[in-house]
Amino acid sequence: MTLIEYRSYFRLKLEFIYKVEESDDLLKRIIKAYFNWEPIKIGLEPNYVLSQKEEERLNLALNELKKETSSVHSGKLFIHGSGVSSQ
């Protein structure tokens with residue numbers, strides 16, 4: 001998967017939790033912390049092909065973000081894609 005494809009995937013997985021700008025900022029912080037890449041890499045090298053290890057690390061961070069957010073929203077049921085929530 002390329003870096004720009006991963007950004008789209010990252011946005012999609014977090015779209016019901018974060019605005020696009022927020023998810024982009026999170027991804028930039030993650031790539032800086034995990035790989036010491038400058039955030040501009042997404043714009044300058046959008047077709048950079050992520051290695052399997054890089055993709056796995058990014059997915060671990062993504063899963064942690066989703067877990068962290070779900071614990072903040074405990075007590076509510078969010079049905080992905082439906083816009084339905086209940087207490």
Hydrophobic cluster membership, with links at side-chain heavy-atom distances under 4.5 Å among I/L/V/M/F/W/Y: are Ile4 and Val49 in one?
no

Looking only at side-chain N and O atoms, does Asp24 offer a donor or acceptor that is under 3.5 Å from a partner on Tyr18?
no

Salt bridge (charged side-chain N to carboxylate O under 4.0 Å, His left out) between Lys67 and Glu64, intermediate numbers included
CA-CA 5 Å; Lys67 273 194 243 178; Glu64 286 301 315; 3.1 Å; yes

Measure across Pro46 and Thr2 and return the closest heavy-atom pair with its distance rounded to 0.1 Å.
O-CB, 3.6 Å

Is the shortest side-chain N to carboxylate O distance from Glu54 to Arg57 below 4.0 Å?
no

In short, Ala61 meets Tyr34 closest at the heavy-atom pair CB-OH, 3.6 Å

Please say yes or no: joined through hydrophobic side-chain contacts below 4.5 Å, possibly via intermediate residues, are Tyr6 and Val20 part of one cluster?
no

What's the separation between atom CG in Asn59 and atom CG in Leu50, rounded to the nearest 0.5 Å?
9.5 Å

Give, for atom CG of Leu65 and atom CG of Leu60, the distance between the pair rounded to the nearest 0.5 Å.
11.5 Å

What distance separates Leu3 CG from Ile31 CD1, expressed to the nearest 0.5 Å?
6.0 Å

Once rounded to the nearest 0.5 Å, what's the spacing between atom CD of Glu21 and atom CZ of Arg11?
8.5 Å

Is there a path of hydrophobic side-chain contacts, each under 4.5 Å between heavy atoms, that joins Ile30 and Phe35?
yes

How long is the gap from OG on Ser8 to NZ on Lys13, to the nearest 0.5 Å?
13.0 Å

Rounded to the nearest 0.5 Å, what's the gap from CD1 on Ile40 to NZ on Lys32? Could you check?
12.5 Å

Residues forming a salt bridge (charged side-chain N to carboxylate O under 4.0 Å, His left out) with Glu55, sequence neighbours excluded:
none

